[in-house]
There are 4 protein chains.
Amino acid sequence: MRTFRLIIACPDRVGIVAKVSNFLATYNGWIQQASQHADEQSGWFFMRHEIRAESLPFDLEGFKQAFAPIAKEFSMQWQVTDSAVKKRVVLMASRESHCLADLLHRWHRGEMDCDIPCVIANHDDLRSMVEWHGIPFFHVPVEAENKQPAFDEVERLIEEHDADCVVLARYMQILPPQLCDKYAGRVINIHHSFLPSFVGAKPYHQAALRGVKLIGATCHYVTQDLDAGPIIEQDVVRVSHRNTIDDMVRLGKDVEKMALARGLRYHLQDRVLIHDNKTVIFD
Amino acid sequence: MRTFRLIIACPDRVGIVAKVSNFLATYNGWIQQASQHADEQSGWFFMRHEIRAESLPFDLEGFKQAFAPIAKEFSMQWQVTDSAVKKRVVLMASRESHCLADLLHRWHRGEMDCDIPCVIANHDDLRSMVEWHGIPFFHVPVEAENKQPAFDEVERLIEEHDADCVVLARYMQILPPQLCDKYAGRVINIHHSFLPSFVGAKPYHQAALRGVKLIGATCHYVTQDLDAGPIIEQDVVRVSHRNTIDDMVRLGKDVEKMALARGLRYHLQDRVLIHDNKTVIFD
Amino acid sequence: MRTFRLIIACPDRVGIVAKVSNFLATYNGWIQQASQHADEQSGWFFMRHEIRAESLPFDLEGFKQAFAPIAKEFSMQWQVTDSAVKKRVVLMASRESHCLADLLHRWHRGEMDCDIPCVIANHDDLRSMVEWHGIPFFHVPVEAENKQPAFDEVERLIEEHDADCVVLARYMQILPPQLCDKYAGRVINIHHSFLPSFVGAKPYHQAALRGVKLIGATCHYVTQDLDAGPIIEQDVVRVSHRNTIDDMVRLGKDVEKMALARGLRYHLQDRVLIHDNKTVIFD
Amino acid sequence: MRTFRLIIACPDRVGIVAKVSNFLATYNGWIQQASQHADEQSGWFFMRHEIRAESLPFDLEGFKQAFAPIAKEFSMQWQVTDSAVKKRVVLMASRESHCLADLLHRWHRGEMDCDIPCVIANHDDLRSMVEWHGIPFFHVPVEAENKQPAFDEVERLIEEHDADCVVLARYMQILPPQLCDKYAGRVINIHHSFLPSFVGAKPYHQAALRGVKLIGATCHYVTQDLDAGPIIEQDVVRVSHRNTIDDMVRLGKDVEKMALARGLRYHLQDRVLIHDNKTVIFD
């Protein structure tokens, strides 16, 4: 069913829900899903509606024009999207295949509602897997002593493919600050630890050293601060003294790919609102 | 914060949310929480609002009168409750203490927002624990060959203590059909299996015999059909070949008390809507 | 590290561990892992050793000959395997790709220590995916009114490919009793429910109808009794009123593939001992 | 069933298991449970046996004398305990009741196999609850500007009550280094975060600020380094944007008490071996 998704964040006050639902009722909009959240601490209000598109008398542009005065009145940060317009997701990877294979397979069987215009990787290992899915693969090696040319090429490819969103599916390079800012709220990373534990390199080695009994993974938006952006999803798996670091890496892969897939799915369905380095997830 | 909780279930159509939120906005009602759910299969719509009581110009009776015409227009099943009015919960138990002790402790430390006018048990073992909490304890033995007098006394006690809700905290007797009907939607049971597996007696023995790798517990409303009422909450815990039936009983106790406490909490906060032998939980 | 895996089940009595570890010590066998389990209810004893192969003075045949008298003395059911000899696993599928894709990917990246001589399916849909992995794909359609020719062909293929083990990766046909018996303890199935709940067809529909709050999957050995064989692994995922049957199918897929992969891994590493329609898993 | 529990840690080499099981077989010891673990990284070997006491011809002292030469030969760190001799556990608390109430209830219904000679608290709030269980309660206030007298009294009480083990059941004071050292490996703490995340004060506030999607608790041995001792057990629970800090505190309490109860149970059954600031748990 085709829907319009209306996402709103604004300072809380009386009458927001009434105003918005009145607006929708005025145009006979059929609300398929609706969620609200009032955050007492920040005093902000968040809401998300899915409205059946065919129940409304206008298209997305018409909706935007009709709604703009209300948005202004309540100082809303807002967007409305059309579920029929697939987001364009550029995937980035290195050598590890588990997250990439998982996302490609979900996309291939129709579980991920997006287009994947291309995959960019700093190694060539995964080319065949990607191309089997009929997706262009770009190998952009990153030279340790001079990374900028590579990131320039990455940026060019992202632009050329008109990406709405970039997913770092275990891309083992740190994006330069300029790219983090340019695509703020649109670059999703999977970190292979339960953040904020074990920031940075080799988190499973850190976990083994500390002797933790659960290891985890964190799906988050990328910001300039390493592994410190807004968290979308996390999960864990139990480990024991019997598990070597290799076991942890293997067990962790399953957690990584699941957390990433769930996080990306939320993003694709416009279920994530970012506020104050945290996320509201209307699942 | 004192709130009014408005719970609505009705056939789905355009304009329900607008009508209700308009009503609230008309009276300057401050929506603290709101949740909606449209069930496509049944064609029903469910919603729950928490409105700050002090933002409204009327008390609960006034609210009911003002809202009644809207409810009628949309053929709503509905109720509105005042968070300041604690529900009266009668607990029933047998010999096993874990669920009862857990609920009493949560109540004692202020985590369960209810009054507990009394505990009824068919054994006298738990009297001292209950009385330490300052709660009256009634021992109503059930004779195997003639149970009706006991259930008459149970009914009398429930009525006398003006119970809004009855919790079977491992009460090991089956309530007679007449009581199930009389208190439909108001008697909560905890069954020590992951329903619909292992209905009836000795579920852990059944689980051990089948060799399952997870055992569970199910919190549900009681109906005339044994262990077949609407499910509120379930949970599981991992077991292995190393676990004897005694271990399962022990591990299961923790799952039982957690599932029961969560289920009761949902009920006390008017977060559970029953429809068609299933539940909508606005958590 | 190459190991010999010694698996033993026998009636319990004093001296079993001493006898076996003495035997190993006599030949300077370096025990890498060892697990024991005494089942009080059945009076049986189970044990598993991994011994470094290079620490022993004989090959697998030599080991068997040297150990046979001990096995006889204690009436042991036993086997010893060489970790360097990969098991040959025939995968069977229908149209659903998630379990097959997951196993193939794990195998492809070296996580599943086995050979996959071929995939057999009753539909042709997954041919390309399988062949990309360099694995032969056999399409053996099953005619509803006369299934025996298909199963004869399946049996022929299993034999021809010298399979140690057959995995039904969402193969939507029921194997005939004769095959169940012939490959007892060697055919692994994934059932898309938390058994013993929802045996048979369309378990997610059954789960939706019952209104459960968790759905699950069960990896088990196939026997003549449908979905009633020894359980190897189970897992669950939380669902709510918001989830349609389609959601449950999607969420369940992740549980299915994880439970199947873990169960198969246990089997491949000779960690599963079957006794009395239950399993001992030395994980 | 009364058992002797033999716990061993030593540098790994061939013949350890044979030597120990031979020793046991020589004396007709009936092994009820046995677990081994060879840690490849450290080169150490760990093992735990439960032997039926009535199958052995000597008492604990006799066992120790007979086993000592073997222990010496293999440079073992070892101990043997009698399951019939209950450990004496001193509980320490402040104002929060959930962990204390949980442990007391488990002890009361016979689930925790230990004696509790007394409870020590720096506030008097929980006296009545403790005394209802028939356990002496000592109120030892800690003065912010001079804590030593209080800790002297705590030490005196621990000694006077002949404690084998001290449990900090949300005792909100940091033990002085001297006590940490004196009772190394015998003081168990529950920290209300998923360590190493959120060390120190107000971890739920830290978690809320970071916007994590799971919160946790960690049961660990106390060392001089705050919240950095060997981890025994951890667990987590899912949270969302809907959860306030108060909710996190409430949800976290259940995780805390469960993790602490499991951790303490492992300790009481001599299932925990500490090595290199990590634990081997033979569960």
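Values in this document were obtained by computation on a predicted structure and should not be read as measured data. Just so we're on the same page: letters track the sequence lines, and every chain starts at 1.
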Taking only Lys NZ, Arg NE, NH1 and NH2, and the carboxylate oxygens of Asp or Glu, determine whether [X] and [Y] approach each other closer than 4.0 Å.
{"X": "Asp270(D)", "Y": "Lys87(D)", "result": "yes"}
{"X": "Asp246(D)", "Y": "Arg250(D)", "result": "no"}
{"X": "Asp254(D)", "Y": "Lys257(B)", "result": "no"}

What part of [X] is in contact with chain D, defined as an atom under 4.5 angstrom from a non-hydrogen atom: side chain, backbone, both or neither?
{"X": "Arg262(B)", "value": "neither"}
{"X": "Met129(B)", "value": "both"}
{"X": "Ser128(B)", "value": "both"}
{"X": "His98(B)", "value": "both"}
{"X": "Asp283(B)", "value": "both"}

Ring geometry between [Y] and [X] (parallel below 30°, tilted from 30 to 60°, perpendicular above 60°):
{"X": "His133(D)", "Y": "His108(D)", "value": "perpendicular"}
{"X": "Trp44(D)", "Y": "His275(D)", "value": "tilted"}
{"X": "Trp132(D)", "Y": "Trp132(B)", "value": "tilted"}

query = Do you know which of Lys253(D), Arg106(D), Gln33(D) has the most heavy-atom pairs under 4.5 Å to chain B?
reply =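 Option with the top pair count is Arg106(D).
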key: Atom group of Arg265(D) that falls short of 4.5 Å from chain B, counting heavy atoms   = side chain
